[in-house]
Amino acid sequence: MSVKPKIMISSLDAERLEMLLESLSHNAFPGRDDLEAELARAEVVDPKEIPPTVVTMNSTVRFRVESSAEEFCLTLVYPKDVDTSGEKISILAPVGSALLGLSQGDEIEWPKPGGGVLRVRIVEVTYQPERSGEYYR
């Protein structure tokens, strides 16, 4: 796998994600170890210090899955906020975990359940709560 890009997450997102992971059984979802590894390597900063082009929880992001050239525009959410609209992706989904903390233009290879990797590229962060002054959503 190629070198992973630097990632940054807010202290609020880090705290909430750690609580979420603690509440789930160890084998609750296939990408748990990968998400934990991302959280461990992330630079954690105050929500007010997050640059406006970083994907945070509840951000809406346009991204491309390079292997298929498909482009998506989805909001990264906690599992409790997923609905049937098709406009949200859970942090517990492999692509959801891959998006967290990346910046516009970043690419990352991410393990797929069952083997292989996805290459995900951030095209644009179209909405970010912190950029809109919503620090404690």
Side-chain angles (χ1 to χ4, degrees):
M1 187 179 285
S2 61
V3 175
K4 291 184 177 183
K6 178 182 146 185
I7 61 172
M8 180 182 295
I9 62 175
S10 78
S11 54
L12 180 62
D13 286 349
E15 183 180 310
R16 288 180 176 171
L17 289 168
E18 287 168 9
M19 288 182 355
L20 172 64
L21 289 171
E22 287 172 10
S23 74
L24 300 171
S25 66
H26 190 70
N27 59 354
F29 67 102
R32 181 187 184 115
D33 291 342
D34 296 311
L35 178 55
E36 287 177 340
E38 286 297 275
L39 294 174
R41 76 179 191 89
E43 178 184 353
V44 178
V45 301
D46 185 85
K48 293 179 181 176
E49 295 175 17
I50 290 281
T53 56
V54 171
V55 180
T56 62
M57 291 304 298
N58 300 302
S59 288
T60 301
V61 59
R62 249 183 349 111
F63 64 94
R64 182 176 302 120
V65 176
E66 296 293 347
S67 59
S68 65
E70 286 184 273
E71 198 166 284
F72 301 89
C73 188
L74 298 171
T75 301
L76 181 63
V77 298
Y78 295 97
K80 67 179 180 55
D81 298 322
V82 173
D83 59 28
T84 58
S85 69
E87 298 173 356
K88 297 178 181 177
I89 186 165
S90 171
I91 185 65
L92 302 184
V95 173
S97 295
L99 295 173
L100 182 67
L102 294 177
S103 296
Q104 284 178 191
D106 283 348
E107 259 185 32
I108 192 169
E109 288 184 348
W110 198 257
K112 291 193 298 190
V117 295
L118 296 166
R119 180 180 286 276
V120 179
R121 179 176 179 78
I122 306 301
V123 177
E124 180 184 12
V125 178
T126 60
Y127 168 78
Q128 183 206 67
E130 292 83 358
R131 184 171 65 206
S132 297
E134 299 171 33
Y135 298 108
Y136 301 102
R137 75 259 172 249

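The other members of the hydrophobic cluster of Val54, by chain and number, are Met8, Val45, Ile50 (side-chain heavy atoms under 4.5 Å, ILVMFWY only). Residue Val82 is found in a hydrophobic cluster whose other members, listed by chain and number, are Val77; membership requires side-chain heavy atoms under 4.5 Å apart, directly or through intermediates.
The ring pair (Phe, Tyr, Trp, His ring centres under 6.0 Å) analysis of residues 31-66, with sequence neighbours excluded, yields the pairs Phe63-Phe72. For the side-chain hydrogen bond (donor to acceptor under 3.5 Å, both in side chains) condition, no pair includes a residue of residues 93-106, sequence neighbours left out.
Looking at Glu107, Glu71, Glu70 one by one, the single match for salt bridge (Lys or Arg N to Asp or Glu O under 4.0 Å) with Arg64 turns out to be Glu71.
Of all non-hydrogen atoms in Pro47 and Ser10, the two that sit nearest each other are CA-CB, 3.9 Å. Of all heavy-atom pairs between Gly96 and Ile91, the closest is O-CD1, 3.7 Å. Nearest heavy-atom pair across Asp46 and Ser11 is CA-OG, 4.0 Å.
In this structure, CG on Leu17 lies 4.5 Å from OH on Tyr78, to the nearest 0.5 angstrom. With rounding to the nearest 0.5 Å, the separation of CZ in Arg119 from OG in Ser68 is 13.0 Å. To the nearest 0.5 Å, atom CG of residue Leu20 and atom CG of residue Asp13 are 11.5 Å apart. If you take CG on Leu100 and CG on Leu39, they are separated by 6.5 Å, rounding to the nearest 0.5 Å. Taken from CG in Leu76 to CG in Leu99, the straight-line distance is 6.0 Å, to the nearest 0.5 Å.
A search for side-chain contact (heavy atoms from CB on, under 4.5 Å) contacts involving Pro52 returns Arg131, not counting sequence neighbours. Residues satisfying the salt bridge (charged side-chain N to carboxylate O under 4.0 Å, His left out) criterion with Asp33, sequence neighbours excluded, are absent altogether. Considering only residues two or more places apart in sequence or on other chains, Arg32 meets the side-chain contact (heavy atoms from CB on, under 4.5 Å) condition with Leu21, Leu24, His26, Phe29, Glu36. In terms of the side-chain contact (heavy atoms from CB on, under 4.5 Å) criterion, residue partners of Ser25 (sequence neighbours excluded) are, by chain and number, Asn27, Ala28. Here Ser90 pairs with nothing under the side-chain hydrogen bond (donor to acceptor under 3.5 Å, both in side chains) rule; sequence neighbours left out. For Glu124, the salt bridge (charged side-chain N to carboxylate O under 4.0 Å, His left out) partners two or more places apart in sequence, or in a different chain, are Arg62. With sequence neighbours excluded, the residues satisfying side-chain contact (heavy atoms from CB on, under 4.5 Å) with Ala42 are Ile7, Ile9. Residues passing the salt bridge (charged side-chain N to carboxylate O under 4.0 Å, His left out) test with Glu43, sequence neighbours excluded: Lys6.
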**OP:** Verify side-chain contact (heavy atoms from CB on, under 4.5 Å) between Ile89 and Val61, making sure each step is shown before the conclusion.
**Re:** CA-CA 10 Å; Ile89 186 165; Val61 59; over 6 Å; no
**OP:** Apply the test side-chain contact (heavy atoms from CB on, under 4.5 Å) to residues Glu38 and Ile108: give CA-CA distance (whole Å), side-chain angles for both, the deciding distance (0.1 Å), then the verdict.
**Re:** CA-CA 11 Å; Glu38 286 297 275; Ile108 192 169; 3.8 Å; yes
**OP:** Start with the C-alpha gap between Met57 and Arg16, add the side-chain angles, then the distance that decides, and say whether side-chain contact (heavy atoms from CB on, under 4.5 Å) holds.
**Re:** CA-CA 10 Å; Met57 291 304 298; Arg16 288 180 176 171; over 6 Å; no
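Checked by atom type and distance alone, the side chain of Glu66 never pairs as donor or acceptor with a backbone atom of Glu109 at under 3.5 Å.
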